[in-house]
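Input: a single structure, listed below in structure tokens.
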Amino acid sequence: DDMEDEEDDDEDDEDDEEWDTGLFDRSSIIRGIFARFDRDGSGTIEGNELYSCLWCFGKPCWPSQVDDYLQMYDTDGSGKIGIKEFAAICGVEYQE
């Protein structure tokens, strides 16, 4: 079992390395995806946009779950998701 755990850890490290190699880092990827859905350039995305955005980022959910994401991650209480909040949903520490 310990060997399997070590192999899993190695796979996680490889995934992290893939994120941070080449021309893009995690924050760049998040910015690109987020900008695609922030059509008005307001710096936030709302419920229906968040639903589409989550699917694009590989986090499929039901429309009813979007409200749960908003409640959990809308740290400023705006009712919308900013880029840092979106990064948190995706499990990425956002750096400007």
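Computed from a prediction, not measured in an experiment: that's the story for all the values here.
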Discussion item. Could you walk me through whether Ile33 and Ile29 satisfy the side chain to side chain contact (heavy atoms under 4.5 Å, CB included) test, starting with their C-alpha distance in whole Å, then the side-chain angles of each, then the deciding distance to 0.1 Å, before giving a yes or no?
Written reply: CA-CA 6 Å; Ile33 293 170; Ile29 294 167; 3.9 Å; yes
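The side-chain hydrogen bond (donor to acceptor under 3.5 Å, both in side chains) contacts involving residues 60-71 comprise nothing, where partners must be two or more places apart or lie in separate chains.
The side chain to side chain donor-acceptor pair (under 3.5 Å) check on Glu46 picks up nothing, with sequence neighbours excluded. Partners of Tyr94 by side chain to side chain donor-acceptor pair (under 3.5 Å), not counting sequence neighbours, listed by chain and number: Arg31. Residues meeting the side chain to side chain donor-acceptor pair (under 3.5 Å) test with Thr75, sequence neighbours left out: Glu85. Checked against side chain to side chain donor-acceptor pair (under 3.5 Å), Asp76 has the following partners two or more places apart in sequence or in another chain: Ser78.
Shown here for Leu70 and Gly47, the closest heavy-atom pair between the two residues is CD1-CA, 4.4 Å. Minimum interatomic distance between Phe37 and Ser52 (heavy atoms only, all atoms of both residues): CE2-CB, 3.5 Å. Annotation for Leu50 and Phe86: closest pair CD1-CD1, 4.1 Å, computed over non-hydrogen atoms. The minimum heavy-atom distance between Cys90 and Ile30, with the atom names listed, is CB-CD1, 4.0 Å.
The CD atom of Glu49 sits 11.5 Å away from the CD1 atom of Ile81 when rounded to the nearest 0.5 Å.
In summary, the side chains of Ser42 and Asp38 do present a donor paired with an acceptor at a separation below 3.5 Å, with no hydrogens or angles considered.
Side-chain N or O atoms of Thr44 include none that pairs as donor or acceptor with a backbone N or O of Lys80 at under 3.5 Å.
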